[in-house]
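The structure under discussion appears below in the form of structure tokens.
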Amino acid sequence: MVDLIIMESSCNRKSSSKLESTVQTQATEGMAEAAYNIPVFRGKVILNYTCDMMPKRLDLLDEFPRMPDFLVALRPHTVWEKTPVKLFCTVQGNPRPIVKWYKEGVPVDPLSAPGKYKIENKYGVHSLIISRCVVSDTAEYSAVATNQHGTTTSSATVTVKSKSYSDPVSSMQLSLVMLIHPSKLEVSLLDRFSVTFGVEGSSISLVCTMVVVPNLPNVPPLAQWYRDDKLLKPSKLVEMSVSGSAARLTLPYLAKDDEGLYTLRIFTKDGTAEHSAYLFVSDAAPSAAGAPGAPMSVKAYDINSDYVLVAWKPPNTVNEAPITGYFVDRCEVGSDSWIQCNDAPVKVCKYPVHGLSLGRSYHFRVRAVNSAGISRASRKSDKVTAIDAFLLCALYTSTTFTPNLGYVTIPGEPTEVHASEIFKSYVVLSWKPPCPRGRAPLWYIIEKCLAGTGAWQRINTAVKLHSPRYPVFDLQDGQKYQFRVYSVNMYGSSEASAPSEPIQKVDQDGKGVPSAPGHVVATRNTKSSVFVQWEPPKNPKNLMGYYIDGRVVGSKEWFACNHKPFKHTRFVVHGLIPGETYVFRVQAANVFGLSEESQESSPIAVEPALATPSAPYGIAMLSSDGSSITLAWKSPKHCGGSKVNAYYIDKRDADTLVWKEVNLTGVTERVCTVGDLKEGTFYEFMVQAANLAGVGLPSAPSAPMKCEAWTMEEPGPAYDLSFSEVRSHSLVILWKAPVYTGASAVTGYFVDMAKKGSSEFVTLNQEAVRHRYLQVADLEEGETYVFRVRAVNANGIGKPSQLSDPVCAKALPGTSEIVAGVDEETGDVFLSLEACEICETSKFVWSKNYKPIGDCPRVAVTAKGRTSRLTFTNPDKDDLGKYSVVVTDTDGVSSSYTLTEDGMFYAIRHPIVPLKHALNYEILEKGHVRFWLQAVKLSPSVSYRFIVNDKEVTSGEGHKISHDVATGIIQMTVDHFTRANEGTYTVQINDGKAKTQSSLVLVGDVFKAALKEAEFQRKEHIRKQGPHFSEYLYFTVTEDCTVMLTCKVANVKKETTLHWYKEEDEIVPETPPSVMCKLYKLQSDYNSSNVEKCEQMYKQRSHLTGLICCMLGASASDLVLQCTPEGIRLQCYMNYYTEEMKTVWKHNKIASSEKMRIGGTAEMAWMQICDPSDKEKGHYSIEISDGVKTHVRTFDLSGQGKNKEQVIVEFTHFYLCSLYRGRVVGGLPDVVTIMEEKSLSLTCTVWGEPTPEVTWFKNEQEVASTEHTRVTFDGGKFASLVINKVTPEDSGKYSINVRNKYGGEFVEITVSVYRHGEQIPEPKLGHPKTATPAVTPVPPKSPAPPAKTPTPAPSKPQTPFMKSPTPVSTPASTPVPKSPTPPRSVKSPTPPRFMKSPTPPRK
């Protein structure tokens, strides 16, 4: 049996007209920008119920009234936390009872915790679902059923156990939860992401919040994201996350490739829940002004072993110069080095890249070029691997791919040679590989000739071509060519292929682009978007898409509406200014570029499309007298583009399904008293709004309201809560007085506030306010709040109002405030507001103290465009107060202004010119002094005067006075500033009725400082007429510890010369200066006149040393062990070393002594341990301090640590060296003094195993055997140096170097030659003994103990003499001189090639 309940609608109500075309509706939905769903109405509403769903009992007893009775009562439940629970019961009664749910006696409100509770009533079964239970949900829950005959209750206890309590049942239940499939969840989308705007290089997130029932942490909903209907997958460029509360898509590195329509699709048990919105990505700031935007969608096609074809989409050029070409770059995967592929820009959006390496992977990117510069690079392409085409085919075919290799040696010839790409810039040749191709590696040779000549010429002589593709770039215009190809392998070459058809380059530049799109039509869509559609071009020519441009009427600047080619012929342009008028144009794009612009559309104002209003909401009960109920509701959130002019109310008994109309004629107010009701009966109400387009959707049914007379003494609830002047930290809340006042009149109101989602309300006013508005301050910017109002009378505080709509503490973009002023023509005071948002139906509603301004002869309201003005013709004290204005049918555009008695009217009547900066002065380059101030705004008719010491100054000789209306600057320049200019400076300004003045007192120390600066600048200007230093001498320290002295010289000519000085000595280029901190002088000569000298003393020696030590400490190597003839040496290499560095060696107590010596060279620091023993074992370290940080290097010399092997090797080498190294046994004196014309013989005995090599040196230069100087080495034991007839020129320092593979010894002798009659010179080198005449020493019969002498390292010729860095062991009476630190420019001494240096190579 089927019940059909039909509700007819009258001809004057609930009729709607469909005013939007199907195409526009589909486009609007496709762009996901419908402000709300456009309803489709029916003339009749049919509610169909089957007998299976609602069986009707024919029992006559059902006609009798009965109180509620539970057929199935609630039962207790015990559940684990984070799992859902469902309480249900079945109740009967006549009339049908109303069931309310309670937790421990407190009503359960699903809105207080969205997603937590869900109350259902299906076919008489009432249920309460608690999702994701927590321990605090443990309580007694009750279902209370009520009708006019009575009330009954059913209760049950819910116990929630914590998961920390473990038993087998817990594991079983958790496993059952894991079996729930995500598509079986109930998902309701809440806050949805809107149309979003981003910029290249930034990041953005699209978030959609939801309620999931049951909300299981381990079973999130199944969500999918799409861009332009293509499924997105997680990657570095796309990050996705989904939980029980929100789905999020994050794009961390935005590019124009990301622009498009994004769709979130969530699978639920009822199907899918979807939401879509468009993401716009604009160009980032260009690399050069006027440069084009970056290309996009870079992809590689036709992949071969050494060739790919790269293609991309052109960017939109709105106000930039046309694109003249593109550069293509490639980069190997894993590298950051980009290589430009083409030398000249290619003019089409394709480019063949050849010369790739087989098996390697590449990324590609593209840059656009125009006359202003080069664009930013596009997003790099996906990874492309250069691979042979037949192998690539094998990878992407499901069956086994076996190429026809054949058992041949010489391959066959290629076939089907043709041009696959023909452009003006290049031609791409293609052919089929030979079949059979052979098993040996294959490559190709290409030849070309002018068509019909037969003169073939090879074109890939320098390229070994492996792919059946090859781009040819050097073809002449207008000539036809033929090509043929050879196959070549290791066995030989094939026959030539058949020649191709004649091929000629095609000049399609400017001709290959599509024709312009056709007629462009723009229509309304929403208050910030416009629907644009157009006709496709007549000649599409492989169309890629369209670019849409917009322009504000009256402006010459176009702006891009989209930044990625759009494929369809309809588009919704977003982000427009409400109420502004625009025109649009369209361009088509293909591989050759952009077409001509289409004709402009007709101007269109940005207004919402005309549609029926959305549903009212928030139905509240204001009072009841037992036979009627007074209702109030809130306006629809969307008016549909025209004013809402009527409301219709329906009612029904709560226990029936039949709705009855309350009013056939619409009511204009949002308060209505519904009569003819039965006392004690529960009613539900529904409201519809109507405008010119028809009747909109009905509201959701109200909560059941009981018709019973109100008799409480307190007032009823206030209603119609609204907001005005919403800013980042404040707002104004307004409301209407209660309809039911109680036993006495309402005396005031309390306002409560809470954050959205919180139930903790805070009362904002300690004392009740009498007026019906309240200014709320100290809000958190961006936070969302809800409010409620409670009325007060003499008997107490009444019911709270219904909660307000959530409001976010954030000002609208472009919000402006009311401005007060005086009309220049009439002199009347006015208040003016320019709205940031407006539509056709908007009105400016002015109020005084938030009460509408009625008819008043002293006040006039006018509106023009976006601006409204409230004018006071004859203001008096009665006009004082707070004035506010609200712009209707907007998102809350409003502002206020307070007129007070204390000077407010005087300030308006007598305005002043506001100043950004008061009078000030600055010293200019030539010593001129500029006095200036800046006003906020100046009109072209402004007048002013400068007064100095009570005398007006005019523009003339010595003074220049001017102003700039655009910047608001008024200035006076004094050419020659002297002591006579001391005093007070004043500027007086008159601009219309506004006046102001500003003064500056320039006396005393302030004037002296200004005069001193002016004289200095004057002298500097004169100085700079010739060559001068724009930057004085300063030093920097490089990474290799080189100190660079730098200065900058300006105003130089070819004749200018520069001279460097160290102290008073000039430094010539052949001898670079020392880098040590000294007094330097830099002299600049210009035509032998106007010579300027700059001296710079570097007093911060410690600062420079610290900088050097910082770099040297970081460059220090690990300690290295080196064996020497005297013992062992620990060495630390660094970029540069001086004794001034703060270095400390540590090992118990280390001091420079006979046993241990500390020193260094220009490239290392060392510590020498002479004759090492067990006492010297242990850990050694060197600490290098730069004043801030200490750098430590260590070495384990105990023979047990990580350096054990190196220690053993070096000690073994030391033992061998001490036994077998070359040495001087004896026979040489330290000092020799001899008279000229005598012969000198230096002879000694040497020893070593194997026999050492002997070298003699004079002043560090090797001595060669000549007639004057004879060098001998007899029997491998006796070494002699004989000088015949010595002369004073033979004086000097002589040395012998004895060395074999185990080391050696270096002995020095000082020779002094004096003339006849001269006094014998004193001995040198600090020896106390007297000089003895030269004698020929006799070799000893037995070898003497070896003397411990330093090992030499003779330097190269023409190098200043330096002592060897190797320490020496001398008698105690002989002082040990410190090793000198060489200058940075001098290299460390290097031994000759036949000597093995004791210093190991640097690690």
Side-chain angles (χ1 to χ4, degrees), residues 70-91 97-146 152-165 167 169-190 209-221 243-246 266 268-270 273 700 703-704 756-760 803:
F70 283 96
L71 298 179
V72 178
L74 297 178
R75 63 184 182 85
H77 289 74
T78 300
V79 296
W80 295 101
E81 64 176 349
K82 297 184 180 180
T83 58
V85 64
K86 182 175 183 180
L87 304 175
F88 62 91
C89 60
T90 304
V91 64
I98 302 299
V99 176
K100 292 186 178 181
W101 292 88
Y102 294 85
K103 174 185 177 183
E104 299 289 358
V106 179
V108 175
D109 184 7
L111 297 178
S112 63
K116 178 69 175 177
Y117 301 103
K118 185 176 182 180
I119 299 176
E120 294 181 346
N121 178 14
K122 294 183 179 180
Y123 320 122
V125 178
H126 299 265
S127 59
L128 170 66
I129 302 174
I130 308 173
S131 64
R132 204 174 186 187
C133 293
V134 294
V135 176
S136 60
D137 290 326
T138 301
E140 183 182 64
Y141 291 84
S142 303
V144 179
T146 305
T152 185
T153 303
S154 177
S155 301
T157 301
V158 174
T159 303
V160 182
K161 291 187 176 183
S162 174
K163 288 184 179 179
S164 59
Y165 175 80
D167 60 20
V169 179
S170 172
S171 301
M172 183 181 301
Q173 291 190 358
L174 289 177
S175 62
L176 291 176
V177 169
M178 296 302 296
L179 295 177
I180 300 176
H181 193 271
S183 63
K184 302 302 181 182
L185 303 174
E186 293 185 17
V187 181
S188 301
L189 301 182
L190 298 179
T209 61
M210 65 187 79
V211 174
V212 181
V213 179
N215 188 3
L216 305 177
N218 297 325
V219 187
S243 64
S245 59
I266 299 179
T268 69
K269 72 175 185 178
D270 297 325
K756 182 182 178 182
S758 173
S759 58
E760 298 179 0
L803 287 182

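Treat the numbers as computed from the prediction; the structure is a model and nothing was measured. The first residue in the sequence is number 1, and the count goes up from there.
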How long is the straight-line distance from [atom2] of [Y] back to [atom1] of [X], given to the nearest 0.5 Å?
X	Y	atom1	atom2	answer
L185	M210	CG	CE	10.5 Å
E120	I129	CD	CD1	4.0 Å
Y141	Y102	OH	OH	15.0 Å
T90	L71	OG1	CG	6.5 Å
K86	S127	NZ	OG	4.5 Å
D109	K103	CG	NZ	13.0 Å

Identified salt bridge (charged side-chain N to carboxylate O under 4.0 Å, His left out) partner of D137 from the options R132, K116, K161
K116
So do the side chains of [X] and [Y] get within less than 4.5 Å of each other, counting heavy atoms only?
X	Y	result
E186	T268	no
V99	V144	no
P97	T146	no
V158	T138	no
C89	W101	yes
L128	Y117	yes

Which pair of non-hydrogen atoms, one from [X] and one from [Y], has the smallest distance, and what is that distance?
X	Y	value
S155	S142	OG-OG, 2.9 Å
V160	W80	CG1-C, 4.2 Å
V79	P84	CG1-O, 4.3 Å

Looking only at atom types and distance, does a side-chain atom of E140 sit under 3.5 Å from a main-chain N or O of E104, one as donor and one as acceptor?
no
Ignoring hydrogens and geometry, is there a side-chain-to-backbone donor-acceptor pair from S154 to A143 under 3.5 Å?
no
